[in-house]
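Ligands are counted one by one from 1 in listed order, and the atoms in each one are counted from 1 as well.
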Amino acid sequence: MNDPYTPSGPEAFDRLWAELEPLGRDPGSGGYHRHAWNGSDAEVRAWFTEAARSRGLDVRADRNGNLWAWWGDPGPGAVATGSHLDSVPDGGAFDGPLGVVSALAAVDELRRRGVRPGRPLAVTVFTEEEGGRFGVPCLGSRLTAGEISPERARGLTDAGGTTWARAMEAAGHDPDALGADPGALADLDVFVELHVEQGRALEETPHPVGVASAIWPHGRWRMDFTGRADHAGTTRLADRADPVLPFAHAVLAARVLAEQHDARATVARARVVPNGTNAIPSLVSAWLDARAADEDALEAVVSGVREAAGLAAREHGVGLEVAAESRSPLVSFAHGLRDRLAAVVASRAPGPGVPVLPTGAGHDAGVLAAHVPTAMLYVRNPTGVSHSPREWARPGDCHAGVLALADVLQDLLARPAREERG
Ligand code: GLV
Ligand code: MN
Ligand code: MN
């Protein structure tokens, strides 16, 4: 039975997207700085809460600040879908928000189709997925999964020295409540995250929607190069302990090692102290982001960078400490669930062979996959650009994503509870 007053998924998507897109957008760059507990984050959380409530969903924040909007009472056998609303610094509009907006639009689409879920359905928003403010990615899902201790999370600091605990408290959430939530995860039968593709694989096919196969192992390592501050004009070269020199070696080594191991290694963030043009620095802190198709290749890249950095540091009389700030193992999404999604997506696909793709990008779905049967859908990205204001997906492909997600949720909701958990 169709409800004439409920918009179709694509119509709902356009309205929701138009509401969310301006929130926190930098008028200069067109990008976003939506990071956990900042002003833009408050705006998008309020937007989500209102959008979900206006659909009759019951919105709750969990102990870690993640948002859950329930259709039906929370409980065992739940189907969950969602993503995140935070961004990288000067990030794009789609990474995260596409999954959240598509999930809300899919709820409208299911209602329009007359679906009455016999199991609870949750739309989720995970906190600080990018680690853009506090450095650890997927922090909200990691906390819920018990993969980071509440003590460590509370003490994480942003660039201004504000702790997660203080920022969370200022945003009206209790940092003492942080921690694992095995009961909430045990209630989930399945989690599906729809995401903009962060590559061009789908663009080379007729398919607007693909399915995830795996997430590469990846992590973030902090390298602190400690030198000796001195005058840039008067200090003889032989007398310097300049931390920028081994830092530069490490950056170049990362590139060479990534090429050797068909991996990715990037140093995109650094802090130079005191950061004066005419003062040799006392400290360079730099962050290595490394990813590879398998654990051995990742280990080879990271240990190679450590070695090159260590060698150069000794040569230049500089101290070096390296610490892993986050580490995510290889995720292979459950084949049965993945294949079922591909079969459902195939029913609307423009040709045979729905693409099943691995990715080097991290996701909350990757964290949850160790605890809950989990799958991902990707929506085509014509340029492949992501983590940039230029990130984009065609409206028609976004609509195809909403319909695919609605089809997948309808299929899952119609199956007996606990089936996905085997
Ligand atoms: C998150 O998007 C990441 O892969 O860094
Ligand atoms: Mn991202
Ligand atoms: Mn994302």
- Flag side-chain contact, heavy atom, 4.5 Å: R327 against W221: yes
- Output yes if H363 passes the N/O/S-under-2.8 Å test against the Mn ion (ligand 3); output no otherwise. no
- Query: Does NZ or CZ of R264 come closer than 6.0 Å to the centre of the six-membered ring of W216, within 45° of the ring's axis?
  - Reply: no
- Message: If I take the Mn ion (ligand 3) as the centre, what angle separates the NE2 atom of H195 from the NE2 atom of H84? Nearest 10 degrees is fine.
- Response: 130°
- Check whether NZ of the Lys or CZ of the Arg R269 lies under 6.0 Å from the centre of the six-membered ring of W287 and within 45 degrees of that ring's axis. yes
Expected rows: ligand 1 N/O, protein N/O, dist below 3.5 Å:
from	atom 1	to	atom 2	distance (Å)
ligand 1	2 (O)	E130	OE1	3.0
ligand 1	2 (O)	H387	NE2	3.1
ligand 1	4 (O)	R291	NH1	2.7
ligand 1	4 (O)	R291	NH2	3.3
ligand 1	4 (O)	G362	N	2.7
ligand 1	5 (O)	R291	NH2	2.8

- Message: A side-chain contact here means heavy atoms from C-beta on lying under 4.5 Å apart; do V209 and V354 qualify?
- Response: no
- Residue among H35, H33, R34 satisfying side-chain contact (heavy atoms from CB on, under 4.5 Å) with R133: H35
- Task: Decide if atom CZ of R421 counts as having more than 12 heavy atoms of other residues, nucleotides or ligands within a radius under 6.0 Å.
- Result: yes
- Query: Is the backbone of V196 close enough, under 3.5 Å, to the side chain of N381 for a donor and an acceptor to pair up by distance?
  - Reply: no
- Message: At less than 2.8 Å, would any N/O/S atom of D95, backbone or side chain, sit next to the Mn ion (ligand 3)?
- Response: yes
- At the Mn ion (ligand 2), what angle lies between atom NE2 of H387 and atom OE1 of E130, rounded to 10 degrees? 90°
- Note on the structure: residues 175-193 vs side chain to side chain donor-acceptor pair (under 3.5 Å), sequence neighbours excluded, gives S83-E193, R119-D189, D189-R418
